[in-house]
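Being a predicted model, the structure only gives us computed values, none of them experimental.
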Amino acid sequence: DRVPRWSRETVDCVMSFYARLADQISTLSYSNLKLAQALEERKRTEGEREKLQEQLNQVQKMESVGRLAGGVAHDFNNMLGVILGHTELALRKAYPSQPLCSDLQEIRKAAERSAKLVRQLLAFARKETIAPKVLDLNRTVEGMLQMFRRLIGEDIDLVWLPGVRECPVKMDPSQIDQILANLCVNARDAIGGVGKVIIETADAVFDYEYCLNHPGFVSGEFVLLTVSDDGCGMEKEMLNKIFEPFFTTKAVGEGTGLGLATVFGIVKQNNGFINVYSEPGHGTTFKIYLPRYSAKAIVAKSETLEPIRKGHETILLVEDEPAILELGKMMLESFGYSVLTASTPYEAINLADENAKEINLLMTDVVMPGMNGRELAKKLVPIIPDLTCLFMSGYTADVIAHRGVLDEGVSFIQKPFSMQTLAGKVREALDK
């Protein structure tokens, strides 16, 4: 009897109050949830922005090195060509028993090693001039296995596991050699004794959705080339730097830091991508994805040392570097050719006007002041309609190539070149 009795209106009022209070609590909880989600999204966005900024800085750094490599390569390769060429000419005159002959051999080896370093820089910068061919990766690798076994030594077991299907790719055979040679040397050094290196090929297909969730991957059909070792492995911090040029963990004199940078540049130049998996004490695996080519592959022919092929034709040699011009003339004349020399494109045009009936081949530098080699060749076509051209350069600057890939049908010789290479390229161009 003492319990107060509320009127219907009072009960409705209290219920309405608690209903509004519940709505406000619910709204507040929802707002807090949305705020928490917004903060989390902002944190994730900032993390992605920092990651993208790091990637941008890395790309800019790589591009700067590439521009530097391209600028240095042309002049440096010219000088190496002079050293290498005159050394070879001197060796042809010296008797093998003379002490001087041994000194000349060492000079030649040093020049060749220097030229290789420049090519590695150009490969990293994706400015190395290449002539892609459609190849079966399985057959190409099989043809190189014996060389790689000698490279890594008898203590390391080299295992070859080719994929079941044919693996057609379109790339320069020498680049496959560079990729595997660099990775095998790195694996050998990481093992440092008895161990195992495994080379595998397989198919790989990635769709758009998979690539969205896996940064660095590209959609499409690929041929997968894997090189694994059971060596010392790497820390995560090191993995972020391994493709940078001149980064190395080896002692002074044991490595240039260009091996993996070369691999990176070659893969990118061929529109592929590369991933690395490694843990300290558990070895390292490099997975290289190269676009699968739809055409039928051919077997890469191994390079053999052929005898120098001579000739009797007349060659118009155009080169703005006087030392290279004189050296080229001496080399070509030693092969039996008649040589007309020009130090500028305009001088070459005048010589062509005067000797149109005698000239069989234009051999010209690509990068020259005033007019490049391709423009010169076009201007000479009306004068000598059936003129054959052989371009030479240490750095093409995309005049006859796009991102280092030669245009179809273009004859090209990379500076610095040996007498053997020069004789073969000239004969090949004349015999086309």
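Remark: side-chain polar atoms of Asp230 are not paired, donor with acceptor, to backbone N or O of Gly283 under 3.5 angstrom. Asn372 places a side-chain N or O within donor-acceptor distance of the main-chain N or O of Arg374, the cut-off being under 3.5 Å. Ser334 places a side-chain N or O within 3.5 Å of a backbone atom of Met331 that can act as its donor or acceptor partner. Counting only distance, with no hydrogens or angles, the side chain of Ser393 and the backbone of Val366 share no donor-acceptor pair below 3.5 Å. The backbone N or O of Lys287 sits nowhere less than 3.5 Å from a side-chain atom of Thr226 that would complete a donor-acceptor pair. Looking at Ser114, its side chain does come within 3.5 Å of a backbone N or O of Ala110 through a donor-acceptor pair.
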Between Glu375 and Lys378, does a salt bridge (Lys or Arg N to Asp or Glu O under 4.0 Å) hold up when you go through it step by step?
CA-CA 5 Å; Glu375 291 169 341; Lys378 287 181 179 178; over 6 Å; no
One pair to check against side-chain contact (heavy atoms from CB on, under 4.5 Å): Glu319 and Met363. What are the steps and the verdict?
CA-CA 9 Å; Glu319 168 63 63; Met363 183 174 173; over 6 Å; no
Go through the steps for Ile413 and Phe391 under the test side-chain contact (heavy atoms from CB on, under 4.5 Å), then give the verdict.
CA-CA 6 Å; Ile413 183 169; Phe391 297 101; over 6 Å; no
side-chain contact (heavy atoms from CB on, under 4.5 Å) assessment of Leu89 paired with Met419
CA-CA 8 Å; Leu89 287 172; Met419 293 183 70; 3.8 Å; yes
Please determine whether side-chain contact (heavy atoms from CB on, under 4.5 Å) holds for the pair Thr314 and Leu361, giving the CA-CA distance in whole Å, both sets of side-chain angles, and the decisive distance to 0.1 Å.
CA-CA 7 Å; Thr314 298; Leu361 174 70; over 6 Å; no
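Salt bridge present: Glu313 and Arg427 bring a charged side-chain N and a carboxylate O closer than 4.0 Å. A salt bridge links Lys415 with Asp365: the closest approach of a Lys/Arg side-chain nitrogen to an acidic carboxylate oxygen falls below 4.0 angstrom. Electrostatic pairing of Arg292 and Asp203 counts as a salt bridge here, judged by a charged N lying under 4.0 Å from a carboxylate O. A salt bridge does not link Glu326 to Lys329: none of the charged nitrogens lies less than 4.0 Å from a carboxylate oxygen.
Between Leu183 and Ile288, the closest side-chain pair of non-hydrogen atoms falls below 4.5 Å. Looking at Ile107 and Ile83, their side chains come closer than 4.5 Å, going by heavy atoms from C-beta outward. Side chains of Met147 and Leu151 form no contact here, defined as non-hydrogen atoms less than 4.5 Å apart. Tyr337 places none of its side-chain heavy atoms less than 4.5 Å from the side chain of Glu333.
Under the 6.0 Å cut-off for aromatic ring centres, Tyr277 and Phe286 do not qualify, their centroids lying 6.0 Å or more apart. Here Phe273 and Tyr289 bring their ring centres to under 6.0 angstrom of each other.
When each of Ile384, Leu380, Thr364 is checked for a side-chain contact (heavy atoms from CB on, under 4.5 Å) with Leu316, only Leu380 meets the rule.
Considering every non-hydrogen atom in both Pro162 and Asn138, the closest pair reads CB-OD1, 3.8 Å. Summarising the geometry of Ser411 relative to Cys389, their closest heavy-atom pair is CB-O, 3.5 Å, with the distance given to 0.1 Å. Of all the heavy atoms in Ala190 and Asp229, the pair that sits closest is CB-OD1, 4.3 Å. When all heavy atoms of Val223 and Pro168 are compared, the closest pair comes out as CG2-O, 3.9 Å. Residues Gly163 and Thr201 come closest through the heavy atom pair N-OG1, 2.7 Å. Between Ile152 and Cys184, the closest heavy-atom pair is CG2-O, 3.7 Å.
The CD atom of Gln105 sits 10.0 Å away from atom CG of Asp103, with the distance rounded to the nearest 0.5 Å. We find the CG-CG distance between Leu325 and Asp320 to be 9.0 Å, quoted to the nearest 0.5 Å. To the nearest 0.5 angstrom, Leu430 atom CG is 6.5 Å from Asn360 atom CG. In this structure, CD1 in Ile266 is found 6.5 Å from CE in Met171, a value given to the nearest 0.5 Å. The distance from atom OG1 of Thr421 to atom CD of Glu428, rounded to the nearest 0.5 Å, is 11.0 Å. For the atom pair CD (Glu112) and OG (Ser418), the distance works out to 7.5 Å, reported to the nearest 0.5 Å.
In summary, the side chains of Glu347 and Ser343 do present a donor paired with an acceptor at a separation below 3.5 Å, with no hydrogens or angles considered.
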